[in-house]
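First up is the structure itself, then whatever we jot down about it.
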Amino acid sequence: MSRVNGDKTPTPKRTFLYLLGTQFFSRLIPFLFNLEIVRHLDDKDCALYAIQFPLLVTCVLFLSREGIRRACMRAELKITGASASEVDVARLLKAAWMACPLGITITALSCMLLFWWQGLSYSSPYAQAILINGFACVLELMAEPLYILSQNLFLLRLRLFTEAVATFSRCLITYLFIVKLPGQFQDKATVFALSQVAYGAFLFLGYWGYFLLFQPYKPSVIFPFRISSATSYDQPLAKMCMVLTFQSFRKLILQEGEKMVLVWFDSSYNQAAYGLIDRLGSLVVRLIFLPFEESAYATFAKFASGSDDGKQKKKNLGRWLSDAMKLVLLIGLTVISFGPSYSYSLLRLLYGRKWSDGEASTVLQYYCLYVILLAMNGTSEAFMHAVASESDLKQSNDSLLVFSFIYIFLNVSLIRSTGAVGLILANSINMILRISYSAFFISKYFKDDPLSFSFKGCIPSGYEFLLLSGATCFIMEKTLLNRNNFWPTLALHFFVGFACFCTSTLIIYRKEKSFIIRMILASFLLVNEALRNSMAGQLVREWTAIQQFPAATQEKLVDLLGKLKTRNVNTLTVLVMGKGGVGKSSTVNSIIGERVVTVSAFQSETPRPVMVSRTRAGFTLNIIDTPGLVEGGYVSDQILETIKRFLLNKTIDVLLYVDRLDAYRVDNLDKQVVKAITDSFGKDIWHKATVVLTHAQLSPPDALSYDEFFARRSESVLKCVRLGAKIHRRDAEKYAIQVALVENSGRCNKNENDEKILPTGTPWIPSLVSTITSIALNGKPGILVDKKMIEGPNSDERGKIFIPLILALQYFFIVKPIERFIKEDISRESY
């Protein structure tokens, strides 16, 4: 990624730190302000502040932009110089602007629904606050297109600064008019709504101000709505926006359903209590468990896609799963042991006696018990998603749908009998169901090798002392802590807990010393891995575009991916090389199913190598597009050097050597291109290669049949490859290079299944992927591009084998004769 308008190159470390900073400030700033704000709110106002208004804003914004944001974040922007090309930006923004009319419609419908449901009049301060929140949502949605553009340009500093200022302004306005200047507004709901407007306004001003003042884009690019270009939008991207937007409705129910039930059925106090506990608990979940789950998933996926044999792979996966589960159990048991005993004290310190003496402390105690289930579910599902096959994941999704219905039913049932605690219980039961399903999958996965993993091995040694310490603290709270004489008794209660914690920690450390040291070392490795792969993680995306293919093509592709998975091939890296202008980038786009690499009819649009990665059902496909090797009529050593250094420490599983079918000659330059590839990666690269001929939709010249023309052209290209790679005729059978045909243009014919077909009637996308699959499984090893391959043989190493021989010859034929002559000369002088 090149420099973007004054920002430094977004290295993985900077990307990780900026995103971490954004998450940290977005939670730390509200948490600090809430410590004082909540003390000045009654039950009804706190319910508005913590649950009702945030739920309204979340529902409107989530339905309006989540699907569009996710789809647009998958788009690839080619960045050259200081910014992205205007064509790419306009294409992206045409889809991103869809969030605004959709959001305005959803906002209007939501406000009308609330007015009808609650029987509100426009003169009511509460009704006015709802309308102000709606305006805040529209204001924030007006900044959404430029937010999406900034994220695709990796303008990390802009997001960090803008969101931090917006969050601070929202909290500051609430603090001023609730704590310092109370009574300035008739109703506190108006203050909450105006603070949300301030948040949306600063987002709007931040993104629009930056792009209008500092980015060189014309208004026609920012507002790409000219009538002449109305039909030039990216249809696959627009379709993906629609698909993901419809999916967001279901996701919203699962994500916010419990709060909807809470607002519908429970009292204002319970809403407020649950809102405070949920915000407090989410700090622990998001700052500790979420990063750990992401790191665990990356580790499981790495081992699952490794080159080890099946038994060794399961052994490695079992060891890491045992360690991960033991670690989260240890953290969860610690929270269970000490959390319930100090829930009241924590709420009393943070929010005052008003909230600690009510149901909030009970809710927090149950939430502490819920934490261990969250941790276990996150780790077990991370393992399942990393190693499961396509069919396993489908079964998992079906079971999750069933669990979701059970979860919604439990929410409605339990909240009526137990209030906010019922939501925690419903969540706990849902987690237990999901953990049970994951445990069943894990048992089945390790059934053939039970020694690699056992659930008993996940239990940390010494956990009994931890639970005993927790019981001691719980008893001490009941006997020592006096709520009317809080501060003196809190000191004694805290001392008892600290002593129990230190004792149990020391015992567990002695029993699990090797595990704890191993986890400390592993944490450093995982952090380092996260720093190196945080940017790559944004580029490795779910292969959702496979759904854009016709059903027949999808079925064939899924079967081919399943064939690779059954042979323990979970990662496939395809290198695309050839001269410029032959259709390399277009072929990459066709395989992926979306425009991931920019294509121009007049010049090469790939000035440097680009790796496009997509994942599906635990399988990762990496396709590396490269610039044309010819520059100024000669093979460019500089381009080759750039490609080789980009490929450092990568393994090439398949090489696609791309040329055109409609070219009628093979000249010496073609041989030089093949020779350059051979010299760079070795002769064995052609064991893993196939020739791809593009522009296959043609009418052969000279009255030749299509098959005859194809046979002649294929043979001429293969002969060029054999000559350039110095493959002798006697070795031709060992290098049985296949030839695949490709037609990337929109004029490609289609069959009755809507599949793109060749003039022979063959659907070419499944055919090409089938060829790639057969090469990947041909038994020949992939080509690892290491430092020696890039730098070539070390000149200092050459001839070292002859040094002992040279020294021996020097000694016997030079040193010894000279020594003999000196002795003879001395003996003659002595006479």
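Hydrogens, waters and symmetry mates play no part in the numbers below; they use all other heavy atoms, side chains included.
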With rounding to the nearest 0.5 Å, note down the distance linking [atom1] in [X] to [atom2] in [Y].
X: Ile591; Y: Leu621; atom1: CD1; atom2: CG; result: 7.5 Å
X: Asn622; Y: Thr571; atom1: CG; atom2: OG1; result: 6.5 Å
X: Thr678; Y: Lys671; atom1: OG1; atom2: NZ; result: 13.5 Å

message = Under a 3.5 Å threshold, yes or no: a donor from one side chain and an acceptor from the other, between Thr587 and Asn744?
response =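 On atom types as modelled, these side chains qualify, holding a pair under 3.5 Å.
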task = Go through Thr690 and Gln738 one step at a time and tell me if the side-chain hydrogen bond (donor to acceptor under 3.5 Å, both in side chains) criterion holds.
result = CA-CA 5 Å; Thr690 185; Gln738 302 181 57; 5.7 Å; no
ask   = Is NZ or CZ of Lys683 both nearer than 6.0 Å to the six-membered ring centre of Phe681 and within 45° of the ring axis?
value = no
[X] bridged to [Y] by N-O distance under 4.0 Å:
X: Glu594; Y: Arg614; value: yes
X: Glu755; Y: Lys750; value: no
X: Asp559; Y: Lys563; value: no
X: Lys719; Y: Glu715; value: no
X: Asp670; Y: Lys579; value: yes
X: Arg713; Y: Asp662; value: no

ask   = Can any side-chain N or O of Thr626 pair as donor or acceptor with the backbone N or O of Val576 at less than 3.5 Å?
value = yes
request  = Begin with the C-alpha distance, continue with both residues' side-chain angles, and end with the deciding distance and a verdict on side-chain hydrogen bond (donor to acceptor under 3.5 Å, both in side chains) for Trp543 and Thr615.
outcome  = CA-CA 5 Å; Trp543 193 3; Thr615 64; over 6 Å; no
